[in-house]
Amino acid sequence: NMPSTKVTEIKKSTFYHVVKRLMDIFFSILLIIFFLPVIIIIAIAIKLGSKGPILANTPNRVGRNGKLFKMYKFRSMVPGADQGGAEWTEKNDSRITRVGLIIRRLHVDEIPQLWNIVRGEMALVGPRPELPSFVLKLEKEIPYYGLRHIIPPGFTGWAQIRFRNARGVAESKEKFEYDLFYIKNRNIFMDLGIILKTITIIFTHD
């Protein structure tokens with residue numbers, strides 16, 4: 001575990017947490033309303049594209065303080081893709097459907113997580129939530145990895161706009177350094193900058 005003195009050093013004020021939570025709720029509801037036509041189109045496309053549910057049957061993710069929660073996500077893989085156990089997604093993963101390829105490319109498969117934010121299980125900005133099996137493995141391999149769970153996981157984050165999806169322990173270790181940088185330096189202006197950059201990435205397909 002991280003020494004308590006170090007944990008204290010990265011705690012933020014109550015004012016920051018209150019403003020961040022209010023901002024999370026406001027922007028999430030606004031985005032759900034804005035994306036409603038897109039949500040309907042995606043739902044129809046998934047249903048017509050392959051058999052199975054519209055939302056992915058995702059395993060629980062690790063949230064704040066290690067609490068597990070159900071993360072919502074549009075299904076982009078064939079039904080039963082996770083029956084063989086949790087795996088890192090490969091670049092050309094054969095489990096991904098044709099519709100799944102499109103919604104992943106457009107970065108819209110994550111839209112349902114806005115509801116996780118409204119529920120308080122996630123925040124707009126923070127470290128991305130991981131599978132419990134991955135967390136157990138990475139905590140053994142990466143010192144202080146559990147520190148990323150002292151704040152709610154995010155819809156987007158510093159690591160997402162500065163790095164890429166990790167495909168192994170080595171990349172996860174590098175990505176964790178970005179998460180740790182955010183946890184230490186987070187503030188409202190940094191959060192707003194990350195949100196704006198994420199919007200830019202979505203609309204430019206960067």
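We use all heavy atoms of the structure for the numbers below, so side chains are in, but hydrogens, waters and symmetry mates are not.
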Any chance you could measure [X], atom [atom1], to [Y], atom [atom2], to the nearest 0.5 Å?
X      : Y      : atom1 : atom2 : value
Ile33  : Ser28  : CD1   : OG    : 11.0 Å
Arg105 : Ile96  : CZ    : CD1   : 13.0 Å
Thr97  : Lys51  : OG1   : NZ    : 15.0 Å
Phe176 : Ile142 : CZ    : CD1   : 7.0 Å
Trp115 : Tyr72  : CH2   : OH    : 8.5 Å
Phe155 : Ile194 : CZ    : CD1   : 13.5 Å

Do [X] and [Y] belong together in a cluster built from hydrophobic side chains that touch within less than 4.5 Å?
X      : Y      : answer
Leu192 : Leu124 : yes
Leu36  : Ile29  : no
Ile40  : Ile103 : no
Leu114 : Val118 : yes
Leu22  : Phe15  : no

Smallest separation among heavy atoms of [X] and [Y], with atom names:
X      : Y      : result
Pro53  : Ile46  : O-CG2, 3.9 Å
Gln113 : Arg128 : OE1-NH1, 2.8 Å
Gly126 : Tyr182 : CA-CE2, 4.0 Å
Asp191 : Tyr16  : OD2-OH, 2.9 Å
Val135 : Val62  : CG2-CG2, 3.7 Å
Leu55  : Pro112 : CD2-CG, 3.8 Å

Within the 4.5 Å heavy-atom criterion, are [X] and [Y] side-chain neighbours or not?
X      : Y      : answer
Glu171 : Phe163 : yes
Phe69  : Pro153 : yes
Arg75  : Ser50  : yes
Ile111 : Phe74  : yes

Problem - Non-neighbouring partners of Thr198 that pass side chain to side chain donor-acceptor pair (under 3.5 Å), sequence neighbours left out - result: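 Applying side chain to side chain donor-acceptor pair (under 3.5 Å) to Thr198 gives Thr156.
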Would a distance-only check, ignoring hydrogens and angles, find a side-chain to backbone donor-acceptor pair under 3.5 Å from [X] to [Y]?
X      : Y      : answer
Asn187 : Phe189 : yes
Arg95  : Met77  : no
Lys20  : Val125 : yes
Asp109 : Gly100 : no

Handout entry: Ion pair Arg61/Glu130, N-O distance below 4.0 Å
Key =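 Glu130 and Arg61: not salt-bridged.
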Exercise for the section: For Leu180 and Arg148, run side-chain contact (heavy atoms from CB on, under 4.5 Å): C-alpha distance rounded to whole Å, both residues' side-chain angles, the deciding distance at 0.1 Å, then the answer. Expected result: CA-CA 7 Å; Leu180 193 57; Arg148 73 198 301 276; over 6 Å; no
Practice task
In sequence, state the C-alpha distance, the side-chain angles, and the governing distance for Arg186 and Ile151, and then conclude on side-chain contact (heavy atoms from CB on, under 4.5 Å).
Solution key: CA-CA 11 Å; Arg186 67 194 189 280; Ile151 63 174; 3.6 Å; yes
Practice task
For Glu110 and Lys73, run side-chain contact (heavy atoms from CB on, under 4.5 Å): C-alpha distance rounded to whole Å, both residues' side-chain angles, the deciding distance at 0.1 Å, then the answer.
Solution key: CA-CA 5 Å; Glu110 314 283 357; Lys73 189 175 184 178; 3.6 Å; yes
Handout entry: Lys175/Gln160 under side-chain contact (heavy atoms from CB on, under 4.5 Å): CA gap, chis, key distance, verdict
Key = CA-CA 9 Å; Lys175 189 175 181 180; Gln160 278 60 54; 3.2 Å; yes
Exercise for the section: Decide if atom NZ of Lys67 counts as having more than 12 heavy atoms of other residues, nucleotides or ligands within a radius under 6.0 Å. Expected result: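 Incorrect, the count does not exceed 12.
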Handout entry: Neighbour count above 12 (heavy atom, 6.0 Å) for Lys173 NZ
Key =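 At most 12 heavy atoms, drawn from other residues, nucleotides or ligands, come within 6.0 Å of this atom.
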